There are 2 protein chains.
Amino acid sequence: MPDDRLIFLIFTAQNKLRTYLNNALVAANAGVTFVQAGILFLLKQSNGRTMSDLSQLIGVDNSTLTGLVDRLEKVGFVARQASPTDRRSLLIQVTPEGIAAGDKAKVVIKRINEEIKTGHLPEEMEIFKSILRSFFEKFNKNDGSSSDDVQLSHK
Amino acid sequence: MPDDRLIFLIFTAQNKLRTYLNNALVAANAGVTFVQAGILFLLKQSNGRTMSDLSQLIGVDNSTLTGLVDRLEKVGFVARQASPTDRRSLLIQVTPEGIAAGDKAKVVIKRINEEIKTGHLPEEMEIFKSILRSFFEKFNKNDGSSSDDVQLSHK
DNA sequence: AATAAAAAGTTGGGATGCCAAATATTTGCC
DNA sequence: GGCAAATATTTGGCATCCCAACTTTTTATT
């Protein structure tokens with residue numbers, strides 16, 4: 001499988017990182033996973049965000065975000081509140097416990113972020129990031145056949 | 001979130017790729033996802049592998065592999081067979097339909113593999129891959145606190 | 001030979017992700 | 001103002017992933 005090893009490598013490496021990271025968060029008694037911590041950071045920054053804001057900022061679809069917020073609400077890290085200006089909307093409020101959990105997680109996340117960089121030059125990390133960022137342009141349309149349209153538009 | 005943007009970037013980029021890829025496989029009527037296709041390739045290469053072999057080669061744990069094989073078996077792409085030499089073992093046989101599905105998927109996977117490389121130098125892709133490969137050394141222990149032990153052993 | 005330890009595969013639980021559909025509400029258009 | 005279109009959120013379905021526990025079988029140890 002020489003040609004698809006790149007995709008395989010991306011997926012399996014990512015799985016390794018995610019597992020390691022979330023286990024580290026367990027070991028640190030953070031009480032949240034990486035993605036949940038991300039939500040808490042966003043709310044610490046600016047409390048009372050809507051579900052749509054959060055799903056966009058976290059980079060997941062709205063139904064995924066519903067589950068994430070459900071689980072955070074269940075353990076008392078966030079609360080849902082009706083929006084005063086739009087009856088379709090909820091404003092998600094972080095609790096003090098949620099702030100604390102997020103702060104605890106942050107230490108672990110920083111550490112592992114540093115571990116990722118260990119042994120690599122800054123220029124190399126830049127290349128790594130720019131390739132990842134290219135995915136957002138290349139694979140933004142969720143229709144896998146749309147790349148043909150992109151190529152046609154270049155002519 | 002400056003420091004953890006790298007991890008966030010890895011996860012969200014990977015999600016983009018995975019979604020795009022699996023949608024492309026749907027569009028191509030491959031009838032399998034990327035991971036399922038990986039299993040079919042392995043079986044085309046060498047049919048009758050054990051579940052343990054497959055889980056190792058695919059890079060997932062054995063219970064994940066059980067689900068994957070269940071779903072492939074359900075659509076008639078593989079079959080489970082008792083091992084003649086070890087009563088704990090099963091040998092997974094790919095069917096002709098499974099081979100066909102894998103071949104169809106391969107075309108799409110190759111295309112997207114090329115898309116990933118588009119716009120980047122070969123040396124850049126090498127750097128990208130070597131950073132991903134470093135995850136397998138750095139994050140191999142699933143205990144996130146084990147990095148401290150590693151550091152201690154260096155003294 | 002007997003027994004402890006390890007291995008094979010499955011089940012169950014939890015988390016995360018996307019897609020589609022549904023309902024209530026808001027916005028845009030005529 | 002009335003109605004079509006869009007939006008906010010949830011629910012349900014499916015897939016993928018890890019962890020823990022379990023039962024049967026095999027291997028290793030005594």
Side-chain angles (χ1 to χ4, degrees), chain A residues 11-27 31-39 49-56 58-75 80-92 139 141-144, chain B residues 8 11-27 31-39 49-56 58-75 80-83 85-92 139 141-144:
Chain A
F11 288 170
T12 49
Q14 183 269 156
N15 284 335
K16 279 285 178 190
L17 172 60
R18 189 186 291 259
T19 301
Y20 183 88
L21 173 55
N22 285 323
N23 285 337
L25 290 167
V26 168
V32 288
T33 62
F34 174 75
V35 181
Q36 291 171 2
I39 293 165
R49 294 184 196 255
T50 65
M51 295 289 279
S52 300
D53 285 346
L54 287 173
S55 69
Q56 264 195 16
I58 288 287
V60 299
D61 87 356
N62 39 19
S63 71
T64 304
L65 198 270
T66 296
L68 283 161
V69 170
D70 284 347
R71 289 185 289 278
L72 283 174
E73 191 176 32
K74 186 173 180 181
V75 295
R80 283 175 165 93
Q81 226 177 7
S83 161
T85 54
D86 183 343
R87 287 196 288 183
R88 299 170 299 181
S89 275
L90 296 170
L91 303 181
I92 311 300
F139 309 128
K141 274 285 177 178
N142 289 336
D143 175 4
Chain B
F8 175 77
F11 288 170
T12 50
Q14 184 271 154
N15 283 336
K16 281 284 179 193
L17 172 59
R18 189 186 290 258
T19 300
Y20 183 89
L21 172 55
N22 286 323
N23 285 338
L25 290 167
V26 168
V32 289
T33 63
F34 173 77
V35 182
Q36 290 170 3
I39 294 167
R49 293 184 196 255
T50 65
M51 295 290 279
S52 299
D53 285 347
L54 287 172
S55 68
Q56 261 195 19
I58 289 286
V60 299
D61 88 353
N62 40 16
S63 70
T64 305
L65 198 270
T66 296
L68 284 160
V69 170
D70 284 347
R71 289 186 288 279
L72 284 173
E73 191 175 32
K74 188 173 178 179
V75 294
R80 282 174 164 94
Q81 226 176 9
S83 161
T85 54
D86 182 342
R87 287 197 288 184
R88 298 169 299 180
S89 274
L90 296 169
L91 303 180
I92 311 300
F139 309 127
K141 274 285 178 175
N142 288 336
D143 174 5

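Labels below follow one simple rule: chain letters A, B, ... track the order of the sequence lines, proteins then strands, and each chain is numbered from 1. Keep in mind the model is a prediction, meaning the values are calculated, not measured. Scope of the values below: all heavy atoms of this structure, side chains included, with no hydrogens, waters or symmetry mates.
A:I92 places a side-chain heavy atom less than 4.5 Å from the side chain of A:M51. Within the 4.5 Å cutoff, side-chain heavy atoms of A:N22 are placed close to those of A:F34.
Considering OG1 of A:T66 and CZ of A:R80, their distance stands at 6.5 Å, rounded to 0.5 Å.
In this structure, A:Q56 atom CD and C:dG17 atom P are separated by 16 Å, rounded to whole Å. Atom CD1 in B:I58 sits roughly 12 Å away from atom P in D:dC18 (whole-Å rounding). Rounded to an integer number of Å, the gap from A:I39 CD1 to C:dT16 C1' is 11 Å. The separation between A:L21 atom CG and C:dT16 atom C1' is 13 Å, rounded to whole Å. Between the P atom of D:dC18 and the CG atom of A:N23 lies a distance of 10 Å, rounded to the nearest Å. One interatomic measurement links the two molecules: CD1 of B:I92 to P of C:dT10, which rounds to 7 Å at whole-angstrom precision. One can place CZ of B:F34 at 18 Å from P of C:dC18, the figure rounded to the nearest angstrom. The interatomic distance linking B:Y20 (OH) with C:dC19 (P) rounds to 13 Å, in whole Å.
Judged by a 6.0 Å distance limit and a 45° cone about the ring axis, B:R18 is positioned over the six-membered ring of A:F11.
Residue-to-nucleotide proximity on DNA chain C shows that, of A:R87 and A:D61, the 5′-proximal contact is made by A:D61.
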#### Entry: CA sep, side-chain torsions, deciding dist, call: A:T12, A:N15, side chain to side chain donor-acceptor pair (under 3.5 Å)
CA-CA 5 Å; A:T12 49; A:N15 284 335; over 6 Å; no

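Of the candidates C:dG17, D:dC18, C:dT26, the closest approach to any side-chain atom of A:R18 belongs to C:dG17.
Contact annotation: A:N15 does not reach the phosphate of D:dC18 (side-chain N/O to OP1 or OP2, under 4.0 Å).
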Protein-proximity profile, nucleotides 3-15 of chain D, B/S/- by nucleotide at the 4.0 Å heavy-atom cutoff, equals ---BBSBBBB--S

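Nearest approach of A:S89 to A:T50, heavy atoms of both residues: OG-CG2, 4.2 Å. Across all their heavy atoms, B:A37 and B:V32 have their closest contact at CB-CG2, 4.0 Å.
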